[in-house]
Amino acid sequence: MPRIVIDGLEIEVPQETKVIDAAERLGIMIPRFCYLKSLGAVGACRVCAVKFLQGPFKGVQMSCMVDVQDGMVVSTTDDEAVAFRRQVIEWLMLNHPHDCPVCDEGGQCLLQDETVSGGHGIRRYKGSKRTYRNQYLGEFIAHEMNRCIHCYRCSRFYQEYCGYRDLGVMQIADRVYFGRFQNGQLESPFSGNLVDLCPTGVYTDIPARYKVRSWDLDRSPSVCIHCSLGCNTVANARYRTVWRVEGRYNEALGSEFICDRGRFGFGYTNQPSRPRQARVDSRSVALSDALKSAAEKLSRIHAASGPRAIACVGSARNSLETQTMLKSLCDGLGLPAPCFFVNSQTEKAVKRAVASLDERVAVSLNGVAHGDFIVAVGVDPLNEAPMLALAMRQAHRRGALLVILDPRPSFLPAPHVHLGFAPGELNGVLGSLVGKALETGDEGKLPPLHEDFLKSLPLESLFKAPVNHGEELDVVLSALQKSRRPVLVCGSEIVRENTPSLCADLALLMRSAKGQCGLFYVLPGANAFGGALLSGSEESSFMEVVESMEQGCTKALVLVESDPFLQFPHKDRLKRAMEKLELLIVLDHLPSLSAEMSHVFLPTSTLFEVDSTFINQEGRVQWSRAVHEGGIPMEQWTEGNHPPRAHGAIIPGQDFKAAGKVLEEIARNMGASGEVSLSDPRFRPGKGASPLEGAPGDRPGDGMRLIPRESSREPFSAREEYFTFGEDAGDSLELLLVEALFGTEELSAHSPALEKVEPKPHMWMHEQDASMLGFSQDDVIAMDLEGGVVEVRLKVSPSMARGVLVLPRHHRLQWQKFRDISVRVPHDRMRKS
Amino acid sequence: MAYADLLPEEMRKQLIQRIAEGETAREQAIDVMTALQNHFGHMSDQAMLVASELLAMTPLELEELATFYNFIYRQPVGKYVIHVCDSAVCWMHGHESLMDHLLSRLKIRLGETTEDGLFTVLPVCCLGYCDHAPAMLVNRHIHGELTREKIDRILTRLAEEPHLPTGMK
Amino acid sequence: MYPQVLFANRKASRIATMEEYCRSGGYEALSLVVGKWTGKDVCAEVQRANLRGRGGAGFPAAIKWLGVPEEADYPRYVVANCDEMEPGTFKDRVLVHADPHMILEGMALTGYATGAEKGFIFVRPSYESSARILEREIQKARDAGYLGKNILGTDFSFEIVVHRSGGRYICGEATALLNALQGKRPNPVKPPPYPTVKGLWGRPTVVNNIETMANVPHILRNGAEWYQGLSRSSTSPGTKLFCVSGRVNGPGCFELPMGITLREIIEEHAGGLQPGCHYKACLPGGASTRYLTSEHLDVPMDFESVAAIGHRMGTAAIIVFDQNTCLVGATLNLTQFFARESCGWCTPCREGLPYLRDLLWRIEKGEGEEEFIPMMRAMCDQLWNAYCALAPGAASPVESLLTYFEDEVREHIRQKRCPFKT
Ligand SMILES: Cc1cc2nc3c(=O)[nH]c(=O)nc-3n(C[C@H](O)[C@H](O)[C@H](O)COP(=O)(O)O)c2cc1C
Ligand code: SF4
Ligand code: SF4
Ligand code: SF4
Ligand code: FES
C-alpha cells in the first residue's frame, strides 16, 4: 500500500486511491466539481489542483486524476495551486447568475461554497453573460441551465452510469448545453439523482422547489423502505412536512444514488388523508383511551375464548422494533405467532432465502456490482429493486455478462441475455446451466457432497427448453465457465418456494468450484427479512388466519401496519371473513379498507417520525433516525397561511406513537407475562450486541449483517424436489402478479409526485400468445373470472416467457377478483372488450 | 421504420448498407447526417428522427454530435452554404471587408439566408487554403484569392444557373 | 533546389498517378517488407531513422508504434490524421493532391509494423476534394493488389477507409479524433491508456499525421542513413513540408531539409516579403505556436532547435506578419479561433479563452486597461493546466505577444485605440 504526504500529514492508502480521496481521509477536503467517487475521475473542472512537490509527478496537477504512489509529497496550500483554483472559480463564475438568494440550490450549493470559501468576491470580467433556454424535464426535476458549470456529472451519470439515452451534452465550446433533444419527462427512473449530484442549481427537486430553504430544513440519516434493498437516504423536513429525500453514500451499497421511487415516494407521510386520529367504534378518541379500550377488548376475548382466538398480522414494512414487539406480545400472551406475509407462497420463499443466507456466499449490492457474471433468477431488477439494476449495470461496465432468467419482459438498462422462462422452468434451466458449466470439471476436485449434487443437476433440461435460446445459451455457458466471481441473484415473489434454496445450493457448489460465488436475494418489502427471521420456522400462514376467521375460531384480529386487502387475491372472501370478527384492531399510518373496518384504530408514526431499524435483503441492519416529531403538517393545519394565525400549546395531530410502542402499551395493559425483549438471540448470529440495544442516538449494530457464518440449513438436501416441473401450459396462461417500478408498491402508491408518472394499469403477454388469442398491443382485455371481470390494457413482448400473463399489481386496478394467487387464466375467459 | 420511409427507396437502401459496412452504426453518424441534410436541405428535426432510426441512436445522441460540428446544419440553410474563412491569414488579407461586401450584396447578416433561399453565409475557421487567402467554401467547394469582383462573379454564376448541381453541403 | 522526396512527383496542375508513383519507386517498400520483414524489423528501421511525427509534437513514430503491446488483441487499427485544422497549415492538402499513393503505402506499412489490418483516413470537410481523391486512389491501389486482401500475394491484408469529419479543430487531436471516428463527442481523453493500447473500440490504434506516414516508404526503401542525410539537423532527420503564408510574395508549401533557417524559408523559398512590407513576426508552426521576431530569423527549423529558444515548431506552418499588421488584432483573431473551437470539456479553455478574447477585444477597441496585461499573463500561465494541449496552444500567441510586443499592446491602451487603424 503506497504512502503519501499531504500538507505534512502522512497516510497509507490502498492501491489506486486517488490523491483527492487520500486527502479526504486525512480530513483535507480538496475542492471538486466534476469528481464524484461513484462516477470516477475525468479531470474536466480543474478545481482540484494541488502542487506535487516530490515523487513521480511535479508541479500543479489535478488531484482527482493521480493515483497515490510511494514517495509523493503534495501541498494543497501551495500558492501556485491556490492561485490556479481561485482562477478556476473566477472562470466558472463568469457566466453564472449572481442570484443565489432566489436560487433553490442556495445554501446547499457546492459552487456557492467553493466560491465563498475560495474568496472570489469581486467581478473583474466585463463581458456579458451567456444565457440558455431551459427545458421541461418532467414532473420531478426543474432545469435552469444558466446555472450550469459544465462539470459533466449529469451526462456521465445519466448515460454511462445508468445507461439511459435521453439526456446528454449538446453544443460546443462555451455554449455546451446539458439537456434533452426536446422537452419531455426524463426516461430514467434514477433521474432524481441529478438533483443531488449537480454541484449547482441546474436540476432541482420539483416537489420541494421554492418550498423550503436548505438551512431551514431538519435533516437526518434515513433508509429507504420502498423496496428490500434499503438504500441509504437523508430525509429533509420542516414544519412537520417531509419535503425531500436525498441519497446517502453507503460503502456496502456502493453508491450514494437512489431510485426515483425511493426519492419521491415519501408523500404518504404528509398526505392529508393520512389517518391521524385514534378511533373506537367509529368515534374519535384520545390515543390513550383507544389504547385502553384495545387492551380491554382484547383481554375480554382472551379471557372468554382463549389466546388462540386472537391473531396478529404484521408486514414487511414494519420496523424491526415493531416486528419484535409484535412477536413479544404474541409470545407473552400465548397468542399464535404473528404472521408477516399475506401471500404464503412468497412467505415460504422468503423464509427459505433468509434461512439460506450466510457469510460464505452473501454479497451486498456493491458485491453485485463487482461480480463478473450475474444471473438473476425470477427477479425483475428494475421493477422490484431498482438500484439492483444499476448495480448490475456497473458489473456490466466492468466486463460482466448479465443474464436474466425470468418470465417477465426485461428492462435492465444494460446489455444482457434474457432467458424468458416460466416460473416452473426456472429451477431446471438454472440447474442445468450451472451443471453444464461445471461439468467439464477442470475446476479441481470437489468435496463428495458437492460432487454428488453436481451430478444430480439436470444437464439436459435446459436444452429441451421450448424457447429457442440456442446461441445465447452458448455465450452464457462459456461466460459462466470463465467466471471467477459469479453472483446469483434470486427473487422471491414469482419463484417456486424452493428456488431460493436451490440458488443457495448452487452458490455453495460454485463457490467450491471457483473459490467464490455471491448470493443476493431480493425480498418483498423493506423488512421482509426481519419478518422471516421473527416468524422463523413456525408456520403461520395468513390463509389459515382467514379460514379460522371464517370458522369463527379467530375472533380478534390485530393488523399492524398491514392491509391484507392489497395482497389477498379474493377481496370479497376476506371482507366477509373480517366482518365476522368480534374485534378488529388496526395500527397504521396509511388509509386503508382495513382501517375503515376497524373497531379500534390506532394511528402510528411513519419512518420519518421515529428512530427505527430495518433489515435489508442481505440481512444488513440499518438504522434510520427520525427527522421530525410528526403532527399535521403546518401547511395543512394553517390552510396555507404562513406564519400560522392561530397558536396553541399542543401540536395538532401528534397523538400517535410508533407501532412498537403502541403494542408495548397494549401488552403492558393486558398484563402480558414475559419481558418484551429486544435482545432476542435471533439477532445475534455471531457475537456482539443486538442491533436494537444501545443508548439512544447510538446503535452499535447499525450496518451489521444478521447472518450466520454458516447457515444451519442442511445443504443439498432438497435435490429431488428442485427439478420437478413440466406443468403443461395447456389452454390457459399462468397469472403472475408482479411489482412495477411505480404504481404497485404500497407506500409510494400514496405519493402525489409518483402518481403523475406512474403508467396506467396494464398487463403483458408474449406476442405469440397474444396473436394466438387474436389480441394485439393496447387492446383492452377483459378477464372473466369467478369473482368478476378484470379489464386491463395489453402490452405484448417478444422476449418474455410464453404461457404466462404478467400483471403488475397496480394500486388503481381491482385485481383482487382472482380468488387465488397461483391461478391460471383459461384462454376462453379472456376477450377483447 | 416510420421516419426512414420518408426517404426514396434507393437512398434508404444505400444508407442502410453503408451503416452495415462500418464497425458500428455510430461510426457512420456524420456521413448519414450529411447525406440526409443534402437530401432534406438541412438537418431538420424530422431528418434527425430519420437518422435516429437508421442508426439506432436516440435523437439526443445524434443531437450531441450534430450540434458539435460546423458542417451539420440544424437550422434551415440556403441552397448554397457559404463558409467564409475568418482565421488569421484571411483576416490579414482583408476578409472583413470581403465579408461586408458579400453580406451587403446578398442583403443579409452573418448567419442568415437570402430571401430567395439560395445563400446562407456563415463564418468558419481556417479552411486550409492559406496559400490562396482570402478563401471561402461554397457547399464544400473552395474559392481562393477572393476579391470583390471574384465574389460577384461566383454569386452571379450560382444565382443564374439554378440547375447547377449543389454538391455536398 | 533541395532533394524532393515527398514532393518528387508533385506537379503544378495535377495529381500524380499510381503509375507515376510506382515509377518513382512507389510500393517498392511494400514488396520489400511485406512477408519478408517482421513488424518489429519495420519499427526498428523507422526507429533508426528517427522519424518524428509531423502532426505538431514531433513524437518519434517508431516509439509510438512500439507502444502497441505485442500480445494485444486483434483487430488493431491505424489512423492517418488528415484533419489539418491548425490555422496556417495546408501541407496535408498539398500532399494528397501531389502524390496520394505515398500516403496509402505509408499507412499499409504502418499497419504492417503494428499488426493492423484496417486503416482510416480522417479528413476535414473543407478537404472534400482530398477525400474524393483518396477514395478513388484507394480503389486503384486495391485493384492493383497494394491494398485489400493478401497484399502482393502475402497473407498480409490491409483496408483503408476514408472517414469524413463533421468539422472541428479539436478533432485533429489524436484522442478526440478517435472519439469522433467512433461517432462519439470529440472530447480528448487523457492517457493512460494510450490509443496504442486502447484506441478505436478499445483496440490498439496508431494515430499519425499523413505526412509522417508518407515518409515511411522512403525510409524503408532507402534506409535510415539516407534518411538522416536529408536533414541539416542531427536530431530531426528527413525533409519537412513547410507551409508559408501571410505577407510573402510566394505563399505555398515547400519540401525542405529539416534544420533549414527560418530566414532562408521566408526569403528564398517563399519569395520574401511583399513590396513595401518588412518582417515583423511570424508564427512558425500554426496558430498554437509563439511569435518569432526578427531576432529569431536564423533559427534552424527543426524540433530541437526551435525548442532550444523556448518555442515550438508545431506543424511548421509559417504565418508571416509585416510591420503594418496589428499583432493585437492578429492575436485577437487567433484567440477567437481557439475560443470558438474549444471542445468545451475543461474550465480553463471553455471559460478562460472567451475571457482572454474579451480582454484583447477591449484593448483592440481602445477600452484596454493597464491591469489587463498582468491578468492576461497570469491567465496564459493558468491555461497550461487545461485538460489537453489546445489551451496551452491557445495561450502561446497571447503570451508571446505580451513577451515580445508588450509595447504595441501598451500603445493600444495608451492611445485608447488601435494605432494601426487610420
Ligand atoms: C488541438 C489539437 C489539434 C490537433 N490537430 C491535428 C491535426 O489537425 N492533424 C494532425 O496530424 N495532428 C493534430 N494534432 C496532433 C495530434 O494530437 C497527434 O499528435 C498527431 O496526429 C500524431 O501524429 P504524429 O505523431 O505523426 O505527429 C492536434 C493536436 C491538438 C492538441
Ligand atoms: S447541469 Fe449540473 S451536473 Fe450537469 S454539467 Fe451542469 S453543473 Fe454539472
Ligand atoms: S432501490 Fe429500493 S431501497 Fe433503493 S431507493 Fe429504490 S426503492 Fe428505495
Ligand atoms: S483544453 Fe479542455 S476544453 Fe479545450 S479542447 Fe482541450 S479538453 Fe477541450
Ligand atoms: S475534481 Fe478534479 S478536475 Fe474536477
Side-chain angles (χ1 to χ4, degrees), chain B residues 19 21-35 37 43 55 57 61-73 81 83 85-93 95-96 123-133 135-142 144-145 167-169, chain C residues 75 77 84-94 118 120 124-129 161 163-171 180-186 200-201 243-247 250-253 283 286-287 317 319-322 325 329-331 333-334 336-337 340-341 343-344 397:
Chain B
I19 291 166
E21 280 166 6
E23 308 273 314
T24 61
R26 270 191 107 101
E27 177 195 333
Q28 311 287 342
I30 300 301
D31 274 0
V32 169
M33 286 198 278
T34 307
Q37 82 180 2
M43 255 336 253
L55 292 157
M57 291 168 70
E61 287 168 332
L62 280 164
E63 189 80 318
E64 292 188 318
L65 302 178
T67 54
F68 191 94
Y69 291 112
N70 261 324
F71 285 80
I72 306 289
Y73 312 116
V81 184
H83 282 279
C85 173
D86 64 1
S87 288
V89 183
C90 291
W91 169 82
M92 217 189 308
H93 286 88
H95 116 274
E96 278 171 1
V124 74
C125 58
C126 179
L127 289 166
Y129 291 85
C130 315
D131 47 345
H132 301 292
M136 70 183 193
L137 205 62
V138 184
N139 288 9
R140 304 205 187 190
H141 201 86
I142 193 74
E145 277 115 14
M168 203 167 154
K169 266 188 197 162
Chain C
Y77 301 99
E84 192 161 64
M85 288 195 46
E86 181 74 36
T89 315
F90 46 86
K91 64 189 181 62
D92 294 349
R93 182 198 94 223
V94 174
K118 185 164 183 182
F120 294 90
R124 60 177 300 185
S126 69
Y127 286 3
E128 179 56 27
S129 64
V161 173
H163 185 102
R164 288 170 171 80
S165 168
R168 278 298 177 187
Y169 174 56
I170 192 60
C171 296
L181 214 157
Q182 294 171 85
K184 301 181 188 164
R185 277 177 68 86
L200 290 177
W201 303 288
C243 303
V244 189
S245 61
R247 287 278 185 261
C253 181
L283 292 167
I319 307 174
V320 179
F321 300 90
D322 68 327
T325 303
T331 310
N333 178 288
L334 296 166
Q336 161 72 22
F337 163 81
R340 198 164 67 192
E341 295 299 313
C343 84

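Labels below follow one simple rule: chain letters A, B, ... track the order of the sequence lines, proteins then strands, and each chain is numbered from 1.
- When heavy atoms are compared at a cutoff of 4.5 Å, C:Arg93 approaches chain B solely by way of its side chain, counted from C-beta outward.
- Residue with the most contacts toward chain B among C:Lys184, C:Glu86, C:Gln336: C:Lys184 (heavy-atom pairs, distance under 4.5 Å).
- For the options C:His163, C:Met85, C:Glu84, heavy-atom pairs under 4.5 Å to chain B are most numerous at C:His163.
- Summarising the geometry of C:Gly88 relative to B:Cys126, their closest heavy-atom pair is N-SG, 3.6 Å, with the distance given to 0.1 Å.
- To the nearest 0.5 angstrom, C:Arg168 atom CZ is 10.0 Å from B:Tyr69 atom OH.
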Go through the steps for C:Trp201 and B:Glu27 under the test side-chain contact (heavy atoms from CB on, under 4.5 Å), then give the verdict. CA-CA 10 Å; C:Trp201 303 288; B:Glu27 177 195 333; 3.4 Å; yes
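- Residue B:Trp91 holds its CH2 atom at 8.5 Å from CG of C:Leu334, rounded to the nearest 0.5 Å.
- For the pair B:Ile30/C:Arg164, no side-chain contact is recorded, criterion being any heavy-atom separation below 4.5 Å from C-beta on.
- Heavy atoms closer than 4.5 Å to chain B are found nowhere in C:Pro75, neither backbone nor side chain.
- A donor-acceptor contact shorter than 3.5 Å is absent between the side chain of C:Arg185 and the backbone of B:Leu65.
- Heavy atoms of B:Ala133 lying under 4.5 Å from chain C are absent altogether.
- Between C:Gln182 and B:Arg26, the shortest heavy-atom distance links the atoms O-CB, 3.4 Å.
- With rounding to the nearest 0.5 Å, the separation of CE in B:Met92 from CD1 in C:Ile319 is 6.5 Å.
- The pair C:Lys118-B:Glu23 meets the salt-bridge criterion, since a charged nitrogen lies less than 4.0 angstrom from a carboxylate oxygen.
- Looking at C:Ile170, only its side chain comes within 4.5 Å of chain B, counting heavy atoms on both sides.
- Rounded to the nearest 0.5 angstrom, B:His93 NE2 and C:Ser245 OG are separated by 8.0 Å.
- For a residue to count as touching a neighbouring chain, one of its non-hydrogen atoms must lie under 4.5 Å from one of that chain's; by this rule B:Leu127 touches chain C with backbone and side chain alike.
- For C:Ala317, no part lies near chain B; criterion is any non-hydrogen pair under 4.5 Å.
- Looking at C:Cys343, the atoms closer than 4.5 Å to chain B (heavy atoms on both sides) sit in the backbone and in the side chain alike.
- In this structure, B:Asp86 pairs ionically with C:Arg340, as a charged nitrogen and a carboxylate oxygen lie closer than 4.0 Å.
- Within the 4.5 angstrom heavy-atom criterion, no atom of C:Ala287 approaches chain B.
- Residues B:Asn70 and C:Arg124 are not in side-chain contact: their nearest non-hydrogen atoms beyond the backbone lie 4.5 Å or more apart.
- Only the side chain of C:Ser129 comes within contact range of chain B, with at least one heavy atom under 4.5 Å from a heavy atom of that chain.
- Per-residue heavy-atom pair counts under 4.5 Å with chain B were compared for C:Pro251, C:Pro125, C:Pro87, and the maximum is reached by C:Pro125.
- Using a 4.5 Å cut-off between heavy atoms, B:His132 contacts chain C through its side chain alone, with no backbone atom that close.
- For chain C, the option among B:Cys85, B:Gly22, B:Ala29, B:Ala88 with the highest count of heavy-atom pairs below 4.5 Å is B:Ala88.
- To the nearest 0.5 Å, atoms CG (B:Asp131) and OG1 (C:Thr89) are separated by 11.0 Å.
- The candidate from C:Asp92, C:Asn333, C:Leu283 with the greatest count of non-hydrogen atom pairs under 4.5 Å with chain B is C:Asn333.
- From C:Phe337, atom CZ reaches atom SG of B:Cys125 across 5.0 Å, with rounding to the nearest 0.5 Å.
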